[in-house]
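Structure first, then comments.
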Amino acid sequence: MGENAIEVRNLTKRFGDFTAVDHISFTVGKGEIFGFLGANGAGKSTAMKILCGLSLPTEGEGTVAGYDILKETESIKKSIGYMSQRFSLYDDLTVAENIRLYAGIYGVSDKEISPRTDKVLANLDFTAEKNTMVGSLPLGWKQKLAFSVAVFHHPKIVFLDEPTGGVDPVTRRQFWEMIYKTADKGITVFVTTHYMDEAEYCDRVSIMVDGRIEALGSPSALKSGFGANNMDDVFQKLARKAERG
Amino acid sequence: MGSRVTFVKKEFFHILRDKRTMLILIIMPIVEIILFGFAISVEIQGINIAVVTSDMGETVRKIEEKIDANPYFKIAGTFYSQDEALKMMRVGKIDMILRFPSGLDRKILSSNHERKSVLSASPVRIIVDASNPNTAVTEQMYLKNVLMSCFSGEGAVAAYGITSGISFETSAVTPEETVRGTSAVASSGTASGMIGGTPAGTSGVASIGHEGNVVPDIRLMYNPGMQSSYNFVPGIMGMIMIIICAMMTSVSIVREKENGTMEVLLVSPVKPLTVIISKMIPYFVISSINLAVILLLAKFVLAVPLSGSLFWTCAISMVYIILSLALGMLISTLVKTQAAAMLSSAMLLLLPVIMLSGMIFPIESEPHFFQWISMTVPARWYISAMRKLMVEGQQLSAVLPELGILSGMAVLLISVALFNLKSRLE
């Protein structure tokens, strides 16, 4: 434990006869940006649910933020941040109200919320939008705001589930700058994506095929290992072997 | 603690900022109460009646006046032959025909001397348009009552100084039938005086008339004016509460699923129970406001007496509200989209509530199978309790069974919903 943010061994999840996650093992270091790749149906979401404390594995063991994934799911939930692939703020609440709500849920004290809100909004250049309804913001802004909300309580790990889906390239670029800044503060970033250029930004990536991790390493190591020019080639080579999906 | 308050606040924001839904929540009960209380009435008014008589005597004229003065009836014309009147009925101009035998005055006078029943040979005949059987029965009952009071009431006594018996022959016809059909109710009955005249005795006890006839003395308990609103208000309460609560709760939970915010809440340290209870609180508040509005409307606009304990009326209503909220919660764990939530709560609730709660149709007259099913409809128990409390003015002890059943159902629904919610998360 101690050193690593996430450690799992032989993690398996079965639904009846179907094995969604098949004996996966990996570790993610503190402050690392870990890309979790895989085609639709490869078992990414199921694995991520286990790591977030939402569901229990059928077999295997592991720790997230130092807490046991079998016994300490409640402690895990308190130490992580989460941003979903679909937009996860309330459209009919203002920017400040959304922040207030999530900060409250994660136990940030009332005294801290207000100054931290101002700081976050200043960083985002959002101060003018403090009392705007989130529903009237452009999608890119919403995603950046959602990310800021996910790390507002200074979690040890932040899980990002396809955070840049549907966002324009400029905003994606800005989004990744935010991710880097977050990682620099020592927050571990666990991110899933379908954009292979984004995979290149990660420190290390794993590629899941049919419930198993078929490749794990830094983007450059994977590229040379598979004799590919870019991550897209690596992914294509692996994903084509998939029997389901 | 602080997070819970923000959570409830958030739910209030959702509702308050959705102006259209807000409006529906507040206006719907008012509109329905007024609609059912006033517009939809089981009383029949403005019945057009044709009088058929071959000779217009004193008695017939008096009776006509009396009928015309009655708010329920309107004399549409006087005819010499029954065929003419039937033609009018066929084209829908009149609802009823009242035919007098000829020489009524003379017969009444002679019967006065002989002190015996008249007209058995040529009775007064009532012909009713029975295309709507329910109205037909009611109409002919109204008319019989008016006629009886004519022959027995003060008017007749003053005019002739007699109490005479008269027999009616009632026939129900549809406009297509020219021939007299089978009679709708017990077609003819002999009634002698007394009905309007005797002082009220103990209810339901028949007193013996002068000539040895049994004359029932009828007293209408709890709703002497036969106001249909007395019956409808508890029914509407039972319907509105359950539909508003269940639909709104289920839609609001499912909306979070659709928007993806539920996912974020589930990943967060917030307990699912907190999420659910925070959702229920605002709807509980709104439903309580609705309850207050309905009770005020019932009392001051529809003049429903609210004769029982107001505290228990509200307390039982709140149990019912909680039950309905739990039902909405349960629905929300079973469906995936807001549309499905809306449809299933409406479809699942509307028909059973209308058909099997005793709101409109009496449960006792339904087939046994449906009576059994109706036991599982919460609205049935709630409406029954509200009738006992609001209209009949009974004590708490009379509604304890209903209170027990409703509480039991509420606990059951909450447990099932929570269990479902938990297992969904796994």
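Computed from a predicted structure; not experimentally measured. The sequence lines fix the lettering, A, B, ..., with proteins before strands; numbering per chain opens at 1. In what follows, every heavy atom counts, from backbone to side chain, and hydrogens, waters and symmetry copies are set aside.
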(request) Not counting sequence neighbours, which residues clear ring pair (Phe, Tyr, Trp, His ring centres under 6.0 Å) with B:Phe13? List them please. (result) none

(request) Select one option (side chain, backbone, both, neither) describing which atoms of A:Ile80 are under 4.5 Å from chain B's heavy atoms. (result) side chain

(request) State yes or no: are the ring centers of A:Phe152 and A:Tyr106 separated by less than 6.0 Å? (result) no

(request) Report the relative orientation of the aromatic rings in A:Phe190 and A:Phe159; use parallel for angles under 30°, tilted for 30 to 60°, perpendicular for over 60°. (result) tilted

(message) Does any backbone or side-chain atom of B:Lys271 lie under 4.5 Å from a heavy atom of chain A? Answer side chain, backbone, both or neither.
(response) side chain

(request) Tell me, for A:Met133 versus chain B, whether the close heavy atoms (under 4.5 Å) come from the side chain, the backbone, both or neither. (result) side chain

(request) Could you list the residues that satisfy ring pair (Phe, Tyr, Trp, His ring centres under 6.0 Å) with A:Tyr90, not counting sequence neighbours? (result) B:His14

